[in-house]
Amino acid sequence: MTGVLTEVGAMIVGLDQLAADLLVSIRDPAITKVMNSVTGLGSATAAGVVVGLFYLGDWHEEVATSVLALGLTGPVVLMLMGLVQRPFPANPVCVTSGEMVAHSFPSGHAASVTVFALLAARSERLPLAPTAVLAAMIALSRMYLGTHYLSDTLAGIGIGAAAFLVATRWLTDSRQAIVTYIQNR
């Protein structure tokens with residue numbers, strides 16, 4: 001069993017390096033400017049602004065789901081970053097300053113934008129296509145800029161999806177009480 005895990009790990013590292021090398025090879029100043037602009041939209045600050053806009057728009061179900069799902073992703077991402085302590089890829093264009101834990105695995109940006117993309121898929125108000133395209137661009141920007149490997153980003157997407165599923169399942173039972181609480185705030 002140990003041999004199989006070692007082989008799988010080596011395969012993942014190899015794919016990560018191939019993807020990182022490809023993205024470094026296609027870097028262009030214009031694309032880098034776009035990616036630097038886009039990447040900030042996946043930050044915790046941006047997520048807070050989006051949730052605040054949902055609240056101001058009286059999108060109560062979106063507020064409840066996103067707050068719970070994002071509240072699950074944050075601690076999981078920080079815990080894994082601290083446990084794994086994977087270094088950033090070589091040749092980064094930007095490394096987000098001020099990160100609480102400066103490691104590449106997993107991608108918190110990818111986790112949070114996955115929550116919003118899945119929320120859009122479920123929401124009657126939030127447009128799916130632009131939200132999904134923006135989420136994909138943000139996740140790609142993290143790899144392009146050299147802050148995450150492919151597997152870091154895929155793990156972040158998985159964490160975001162899992163958190164969204166847990167949040168929606170939990171809220172299915174208690175949705176009315178939470179939505180009522182938010183409405184009365």
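Worth knowing before you read on, the calculation uses all heavy atoms, side chains too, and leaves out hydrogens, waters and symmetry mates.
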J.: Does any part of the side chain of His148, heavy atoms only, come nearer than 4.5 Å to the side chain of Pro89, both counted from C-beta?
T.: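 Pro89 vs His148: side chains apart.
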J.: Show which side-chain atoms of residues 68-77 pair as donor or acceptor with protein atoms under 3.5 Å away, not counting sequence neighbours.
T.:
from	atom 1	to	atom 2	distance (Å)
Thr73	OG1	Leu70	O	3.0

J.: Enumerate the salt bridge (charged side-chain N to carboxylate O under 4.0 Å, His left out) contacts for residues 1-25, please, sequence neighbours excluded, ordered by first and then second residue.
T.: Asp16-Arg86
J.: In terms of side-chain heavy atoms, does Ser107 have a donor or acceptor partner in Asp152 at a distance below 3.5 Å?
T.: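 Not at all, the side chains of Ser107 and Asp152 share no donor-acceptor pair under 3.5 Å.
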J.: Looking at residues at least two apart in the chain, or sitting in another chain, which of them share a salt bridge (Lys or Arg N to Asp or Glu O under 4.0 Å) with Arg125?
T.: Glu62
J.: Between Phe54 and Phe116, how do the two ring planes meet: parallel, tilted or perpendicular, split at 30° and 60°?
T.: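 Ring orientation, 0 to 90° scale: perpendicular.
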J.: Quick check: do Tyr149 and Leu15 have side-chain heavy atoms less than 4.5 Å from each other?
T.: no
J.: Please write out which residues are connected to Val133 in a hydrophobic cluster, directly or through intermediates, given that two of Ile, Leu, Val, Met, Phe, Trp, Tyr count as joined at side-chain heavy-atom separations below 4.5 angstrom.
T.: Val34, Val38, Leu41, Val113, Leu134, Met137, Ile138
J.: Return each pair, listed once, that meets salt bridge (charged side-chain N to carboxylate O under 4.0 Å, His left out) where at least one residue sits in residues 72-84; pairs must be two or more places apart or across chains.
T.: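 Matches after skipping sequence neighbours: none remain.
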J.: Restricting to side chain to side chain contact (heavy atoms under 4.5 Å, CB included), what partner residues turn up for Leu128, sequence neighbours left out?
T.: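 Testing Leu128 for side chain to side chain contact (heavy atoms under 4.5 Å, CB included), a comparison that skips the adjacent residues, returns Ala120, Ala121, Ala132.
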J.: Examine distances only and state if a side-chain atom of Thr65 and a backbone atom of Thr168 form a donor-acceptor pair shorter than 3.5 Å.
T.: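 Side chain of Thr65 to backbone of Thr168: no pair is present.
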J.: How far does CZ of Phe88 sit from CG of Leu145, to the nearest 0.5 angstrom?
T.: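 CG of Leu145 is found 11.5 Å from CZ of Phe88.
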